[in-house]
Amino acid sequence: MKIQLYNTLSKSIESFSPLNEQVGMYSCGPTVYNYVHIGNLRSFLFADTMQRVLKTVGNYDVRWVMNITDIDDKTIRDSAIGSPTWNPLIGEQTNDVHKNLSMLTEFYTSEFLRDIADIGIDTTQIHSMPRATKFIPQMQELITKIYENGFAYIADGSVYFNVEKWQDHAHYGQLFTIDKTEFKKGVRIDADEYEREHVSDFVLWKAKKDNEPSWEYHLDGQILDGRPGWHIECSAMEYELLGLPFDIHTGGLDLRFPHHEDEIAQSKAGYGIDPTVFWCHNEFLLVEGKKMSKSLGNFFTLRDLVQKGYDPNDVRFYMISAHYRSLFNFTFEALDASVKGRIRIQEFIDTLLETTSFKENATIEDINELETKMMVAFANDLHVPKALSTLFIFINNFDFLSLTLQRQQLLLQLFSKLNAIFSVFRLEKLEKPVDEIPEEIKELAAQRDKAKRNKDYALADSLRATILERGYTINDASDGYILVKNGK
RNA sequence: GGUUCCGUAGUCUAGUGGUUAGGCAGAGCUCUGCAAAAGCUCCUACGUCGGUUCGAUUCCGUCCGGAACCUCCA
């Protein structure tokens, strides 16, 4: 099925056609200086959903690359000798700044991988996760090209991209309308002490500072040891791992400027090619209506939620059930509601799995229609909420009395396909848990049943209360009763 | 100040120039000694004020409110 995607470049939904057999997709990954929070996770869930829809609905083969930023201001700051934020779990700090940097970033990279696996991102589908520090020569090569093409200059040992000059040559501001004369008054002009010709210029290569990791670099006969700027890493790694142009570039909305705008400028100024065809950005996440921040106490990592007793699967289902381009308000009330919604679908699947008696001669048109509608929704700019709503309507109107073996098989096939995107449903019969109800509880339940039959309701109710206190619930049925653990 | 997005029932999320949404919560009914569970039913909204139109929640404008970005935040 043809997929439609919103492209930030055109600010409209466009029909997607891959450039080559294999769809090339690049996602801006994390800066590994701390645990990722749920806002970061939204961005990666979006990229994963994109990849899953391309594969499941579009039938494409996808080559997905997600970078790991392991060199930048924050990783340097937090790995610096004597850093107050050094996590003891990483190990002992050394006197080697390079070693400390890699200890810090390797630690948080593996924690990141654990988190995204926990939340159901299919890490097996990530073709590669390049570390910025492993591509320094390629970045230097690109910077040299940009310099030789006349769009960069050296100042104070750093290399800057000359935006002014680039603007005479190409459109700068494709992803974000920029009016330099209207920059907010009082906005920070330059946090660095570097010399830039213009405020709008951005750094490609930063001069070496004492006690910071640095790499050798020679340009135009000058020794410019230092480290890469932030934007250059993506441009260089995309070129190396996907080739330009590739099909889709994903990232958070905040990255469209300056990060992605600068990526475009760099690739075009250096390689002479646009990086990608589709720029796709996800909206942000709020928590209880506010921007997530540590000072507001509404800052959460996946681990925090797990600690509160939430299943990562439920967090996943909740977060992907909102459209990626809408501002997502994360609330615990809505998360709880979403858990119940997920369980309803699961219960439908369970009933489907358990049904063994069938009718004959029933139509399958409604199932085909459900499938088509859901796939159309996914294909329409990954419209998960629309797809879900369609599914709920179907489930609500479904009559199990109409189930035939063929209908059962079709539905299970459909759920299997849906799970290639949702990845939160269980599609095998649940092994009946071994009888874990203690004998004494069973005994109490038997006594209560006897009391009830004798119409001694006072005794029956008090026994039921006792059982409830000990963690079990009696559900009466027409012929007997069922004992379950509380909350099940 | 500039750029952009948003405002949908108690709540969260869709959508549309005309038959009225989906989830959760809530209410009622059936069942039940009473509950629980389950099933059925109900709760019909689009921030304000104008304009266009036979008809506007939808298109246009105004205002009010919220959010983001404006040089290294996903």
Side-chain angles (χ1 to χ4, degrees), chain A residues 8 11 27-31 36-47 69 72-74 161 163 173 175-192 196 198-203 206 229-233 250-259 261-262 281-286 289-293 318 321-323 325-331 333-342 344-345 347 377 383-396 452-453 455-458 460-461 464-465 468 473-478 481-482 484 488:
Chain A
T8 309
K11 288 185 186 161
S27 302
C28 276
T31 303
V36 289
H37 54 69
I38 53 176
N40 300 128
L41 285 175
R42 184 175 198 207
S43 168
F44 306 125
L45 278 170
F46 156 57
T69 300
D72 83 317
D73 289 340
K74 291 186 288 290
F161 190 94
V163 172
L175 295 171
F176 191 83
T177 313
I178 296 155
D179 184 347
K180 279 190 292 174
T181 62
E182 293 297 346
F183 270 16
K184 188 180 179 181
K185 278 85 183 164
V187 84
R188 182 187 51 208
I189 298 296
D190 191 358
D192 294 328
R196 285 192 271 183
H198 295 282
V199 180
S200 54
D201 292 349
F202 59 90
V203 71
K206 287 187 165 187
W230 178 35
H231 316 306
I232 200 75
E233 65 170 273
T250 73
L253 194 64
D254 57 321
L255 294 184
R256 87 208 132 133
F257 187 85
H259 187 55
E261 191 66 45
D262 291 347
H281 296 103
N282 61 281
E283 246 296 359
F284 264 49
L285 170 148
L286 302 177
K290 295 262 180 351
K291 186 170 179 175
M292 194 165 51
S293 75
Y318 175 44
S321 66
H323 187 84
R325 280 194 293 117
S326 70
L327 201 57
F328 180 69
N329 188 15
F330 186 100
T331 66
E333 202 189 334
L335 172 56
D336 292 337
S338 161
V339 172
K340 291 180 184 172
R342 198 216 83 223
R344 264 191 73 192
I345 300 173
E347 283 175 349
H383 214 317
V384 180
K386 181 82 180 175
L388 269 180
S389 148
T390 309
L391 179 61
F392 275 115
I393 291 170
F394 180 87
I395 288 178
N396 286 341
K452 189 186 150 198
R453 283 175 199 281
K455 298 201 190 297
D456 185 353
Y457 296 122
D461 288 354
R464 183 167 62 188
L468 190 66
T473 305
I474 295 176
N475 289 331
D476 284 338
S478 52
Y481 60 94
I482 298 161
V484 293
K488 294 276 173 186

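Order of the sequence lines sets the chain letters (A, B, ...), proteins ahead of strands, with each chain counted from 1.
Taking A:D72 as the reference, A:K74 meet the salt bridge (charged side-chain N to carboxylate O under 4.0 Å, His left out) condition, with sequence neighbours excluded. Every residue two or more places apart in sequence or in another chain was checked for a salt bridge (charged side-chain N to carboxylate O under 4.0 Å, His left out) with A:K340, and none qualifies. Taking the side-chain hydrogen bond (donor to acceptor under 3.5 Å, both in side chains) definition, one finds that A:R342 meets it with A:D314, sequence neighbours left out. Scanning for salt bridge (charged side-chain N to carboxylate O under 4.0 Å, His left out) contacts around A:R325 gives A:D381, with sequence neighbours left out. A:T31 pairs by the side-chain hydrogen bond (donor to acceptor under 3.5 Å, both in side chains) definition with nothing, not counting sequence neighbours. A:T8 pairs by the side-chain hydrogen bond (donor to acceptor under 3.5 Å, both in side chains) definition with A:H281, not counting sequence neighbours. Considering only residues two or more places apart in sequence or on other chains, A:F330 meets the ring pair (Phe, Tyr, Trp, His ring centres under 6.0 Å) condition with A:Y318, A:F332. Evaluation of the salt bridge (charged side-chain N to carboxylate O under 4.0 Å, His left out) rule for A:K452 yields A:D476 as partners, not counting sequence neighbours. The side-chain hydrogen bond (donor to acceptor under 3.5 Å, both in side chains) check on A:H259 picks up A:H231, A:E263, with sequence neighbours excluded.
Nearest to the side chain of A:D73, among B:rC72, B:rG23, B:rA74, sits B:rC72. Nearest nucleotide to the side chain of A:I393, out of B:rA74, B:rG22, B:rC72: B:rG22. The side chain of A:K340 lies closest to B:rA25, out of B:rC72, B:rA25, B:rG22. Checked against B:rC72, B:rC24, B:rA74, the side chain of A:A337 finds its nearest nucleotide in B:rC24. If you check B:rC24, B:rC73, B:rC72 against the side chain of A:D254, the one that comes closest is B:rC73. Ranking B:rG22, B:rU71, B:rA74 by closeness to the A:N40 side chain, first place goes to B:rA74.
Comparing B:rA56 with B:rU48, their P atoms sit 14 Å apart, to the nearest whole Å. Across B:rG2 and B:rA9, the matching P atoms stand 31 Å from one another, rounded to whole Å. A gap of 13 Å separates the C1' atoms of B:rC6 and B:rC46, to the nearest Å. Taking atom P on both nucleotides, B:rC59 is separated from B:rU16 by 9 Å, rounded to a whole Å. With C1' as the reference atom, B:rU11 and B:rG17 are 29 Å apart, rounded to whole Å. As rounded to the nearest Å, B:rU58 and B:rC73 have P atoms that lie 39 Å from one another.
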Dot-bracket, 5' to 3', for RNA chain B please: Watson-Crick or G-U pairs under 3.5 Å, [ ] where pairs cross earlier ones, | where the partner sits on another strand, dots elsewhere.
(((((((..((((....[..)))).(((((.......)))))....(.(((..]....))).))))))))....
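Residue A:K74 has a polar side-chain atom (N or O) positioned under 4.0 Å from OP1 or OP2 of B:rC73. An OP1 or OP2 oxygen of B:rC24 is reached within less than 4.0 angstrom by a side-chain nitrogen or oxygen of A:R344.
Rounded to an integer number of Å, the gap from A:N396 CG to B:rU41 C1' is 13 Å.
Place A:G252 and A:G341 on RNA chain B by their nearest nucleotides, and A:G341 ends up nearer the 5' end.
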Atom pairs under 3.5 Å: protein N/O with N/O of nucleotides 10-16 of chain B:
| from | atom 1 | to | atom 2 | distance (Å) |
| --- | --- | --- | --- | --- |
| B:rA14 | OP1 | A:H323 | N | 3.4 |
| B:rA14 | OP1 | A:S326 | OG | 2.9 |
| B:rA14 | O3' | A:H383 | NE2 | 2.9 |
| B:rG15 | OP1 | A:H383 | NE2 | 2.6 |

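Stacking is not found between A:F284 and the pyrimidine-like six-membered ring of the B:rA67 base under the 5.5 Å centre-distance and 30° plane-angle cut-offs.
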Can you give one letter per nucleotide of nucleotides 31-39 of chain B, 5' to 3': B if a protein heavy atom sits under 4.0 Å from the base, S if only from the sugar-phosphate, - if neither?
--BBBB---
